[in-house]
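No hydrogens, no waters, no symmetry mates; every other heavy atom, side chains included, goes into these values.
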Amino acid sequence: MEGNGGLSNFVQRCKPYIAMISLQFGYAGMNIITKVSLNRGMSHYVLVVYRHAFATAVIAPFALILERKVRPKITLPIFLQLFVLGLLGPVIDQNFYYAGLKFTSPTFSCAMSNMLPAMTFVMAVLCRMEKVDMKKVRCQAKVVGTVVTVAGAMFMTLYKGPIVEMVWSNYIHPHKTYAAENSGNSDKDWVKGSILLIFATLAWASFFILQAITMRRYPAHLSLTTIVCFLGTLQSIAVTFVMEHKPSAWTIGFDMNLLAAAYAGIVSSGIAYYVQGLVMQKRGPVFVTAFSPLMMIIVAIMGSFILAEKIFLGGIIGAVLIVAGLYSVLWGKYKEYKEKEVETIPEAIKSAGESGRMNTVMEETEEDNDIEMQKNQANTPSTPADVKSFEPNKALA
């Protein structure tokens with residue numbers, strides 16, 4: 001029995017790790033499938049529309065059923081915040097990310113996305129949501145990590161370097177690959193793609209900051225996500241009508257384009273949101289973010305196999321710097337989280353102690369009052385009415 005209990009506890013401890021590792025494989029698959037779809041000629045504007053339409057259809061039933069009693073009313077200020085969230089996330093971030101992915105490679109895009117915690121930290125400081133005390137080691141770690149992350153991104157953007165051959169590259173000789181169709185990109189396109197990815201990361205960091213503010217007024221998470229995806233779908237349709245003038249761009253069949261839109265909407269926006277929410281409740285946001293570099297490694301391996309993707313030395317060095325900076329920022333956030341926990345426990349003990357002392361004082365006061373009342377009753381002479389009132393009791397006796 002003890003062995004079964006130990007095995008059960010071990011499985012329970014492993015569940016968050018298994019969930020996050022599986023999620024990174026899901027994200028990696030999204031990057032590879034999306035890259036194939038974009039290389040086949042699908043418009044990234046149309047892809048964004050279909051992706052968030054699928055995401056809205058998947059999340060909406062859960063929001064309607066699970067949050068029907070806790071969903072607050074939408075006021076004008078909340079609606080404006082939701083509208084801006086739809087603009088920052090689905091429209092700006094996704095379109096810039098897909099455009100940058102088209103100009104670069106899946107591995108490069110994933111490496112750039114690891115800048116998100118550092119960018120979010122900078123945005124939080126600018127919005128005065130986070131204070132920086134350089135006397136504390138955790139603040140120093142976050143600042144240094146942010147600088148290293150930005151340096152890694154700049155290095156990846158400005159320096160490509162020689163091609164690094166994978167061990168298995170010599171054994172794979174496809175006659176035609178999707179990476180080869182994009183291999184003619186110039187260095188100018190590579191820089192353009194890098195800049196687009198940086199802007200996408202900035203938009204996503206701004207999305208997180210505004211989302212944290214909006215959740216204070218609108219705490220129904222599933223409903224918020226559904227509304228943001230729906231508004232993002234409508235905004236993306238408007239942008240696509242402006243940018244894509246060919247009706248054929250909207251055409252989608254049972255092919256890779258449909259798979260890319262459905263996969264990104266259901267897996268990356270639907271299932272991923274639910275899994276991240278569960279893990280975040282148990283282990284916190286730092287634990288969730290710490291697994292993002294794993295996606296880059298998976299994409300690099302999958303990309304070299306499936307797409308025959310070329311990996312450059314500059315990308316590897318820049319990715320190492322970004323990951324080092326990422327974990328420096330996460331370490332600072334982890335220490336900050338632990339310090340807040342330590343500060344909260346003594347306050348709880350203190351309040352409990354104070355309430356206990358108050359209860360003791362109140363009990364002592366009540367006991368003193370009872371004693372005084374008994375003394376007063378003993379010293380007070382009995383009236384005739386009192387004597388008459390006791391006579392029935394005597395008769396009963």
- Message: Which residues end up grouped with Leu76 if you chain together Ile, Leu, Val, Met, Phe, Trp and Tyr wherever their side-chain heavy atoms are less than 4.5 Å apart?
- Response: Leu80
- Message: Do Asn114 and Tyr327 have side chains that approach each other closer than 4.5 Å (heavy atoms only, starting at C-beta)?
- Response: no
- Taking atom CZ of Phe199 as the centre, report whether more than 12 heavy atoms of other residues, nucleotides or ligands fall under 6.0 Å from it. no
- Task: Mind checking side chain to side chain contact (heavy atoms under 4.5 Å, CB included) for Ala60 and listing every partner two or more places apart, or none if nothing turns up?
- Result: Thr226
- Task: Could you note down all residue pairs passing side chain to side chain donor-acceptor pair (under 3.5 Å) where residues 197-220 supplies at least one of them, sequence neighbours left out?
- Result: Gln81-Thr214
- Task: Give, for atom CE of Met256 and atom OG1 of Thr34, the distance between the pair rounded to the nearest 0.5 Å.
- Result: 10.0 Å
- For Thr233 and Val49, work out which heavy atoms get closest and say how close. CG2-O, 3.9 Å
- Message: Can you list everything that forms a salt bridge (charged side-chain N to carboxylate O under 4.0 Å, His left out) with Glu336? Sequence neighbours excluded, please.
- Response: Lys142, Lys333, Lys340
- Any idea how Tyr50 and Trp250 line up, ring-wise: parallel (<30°), tilted (30 to 60°), or perpendicular (>60°)? perpendicular
- Query: Just by modelled atom types, is the Thr104 backbone N or O under 3.5 Å from a matching donor or acceptor in the Lys35 side chain?
  - Reply: yes
- Query: Is it true that a side-chain atom of Ser328 and a backbone atom of Ala141 form a donor plus acceptor pair closer than 3.5 Å?
  - Reply: yes
- Message: What's the separation between atom OG1 in Thr146 and atom CE in Met115, rounded to the nearest 0.5 Å?
- Response: 9.5 Å
- Straight-line distance of Ser113 OG to Met295 CE, nearest 0.5 Å: 4.0 Å
- Message: So, taking the atom named CD in Gln235 and the one named CG in Leu88, what distance separates them when rounded to the nearest 0.5 Å?
- Response: 9.0 Å
- Note on the structure: Smallest heavy-atom separation, Val242 atom then His245 atom, equals O-CE1, 3.1 Å
- Query: With clusters built from Ile, Leu, Val, Met, Phe, Trp and Tyr whose side-chain heavy atoms come within less than 4.5 Å, directly or transitively, what are the remaining members of the cluster of Leu234, listed by chain and number?
  - Reply: Phe230
- Rounded to the nearest 0.5 Å, the OH atom of Tyr98 sits from the CE atom of Met42 at a distance of 9.0 Å
- Query: With ILVMFWY side chains joined below 4.5 Å, transitively, what does Leu158's cluster contain besides itself?
  - Reply: Val150, Met154
- Apply ring-ring contact (aromatic ring centres under 6.0 Å, His included) to Tyr159 and list each qualifying residue two or more places apart in sequence or on a separate chain. Phe155
- Report the residues that fulfil side chain to side chain donor-acceptor pair (under 3.5 Å) with Gln140, sequence neighbours left out, ordered by chain and then residue number. none
- Query: Can you list every pair that meets side chain to side chain donor-acceptor pair (under 3.5 Å) and has a residue in residues 87-97, with sequence neighbours left out?
  - Reply: Asn31-Tyr97, His44-Asn95, Arg51-Gln94
- Determine whether Val279 and Met20 make a side-chain contact, defined as any pair of heavy atoms from C-beta on separated by less than 4.5 Å. yes
- Message: Strictly by side chain to side chain donor-acceptor pair (under 3.5 Å), give each pair with a member in residues 13-27 just once, sequence neighbours left out.
- Response: Tyr27-Gln276
- Query: Going by side-chain heavy atoms closer than 4.5 Å, which hydrophobic residues are tied to Leu64, directly or by a chain of links?
  - Reply: none
- Task: Enumerate the residue pairs fulfilling side chain to side chain donor-acceptor pair (under 3.5 Å) with a member in residues 251-261, sequence neighbours excluded, ordered by first and then second residue.
- Result: Ser37-Asn257
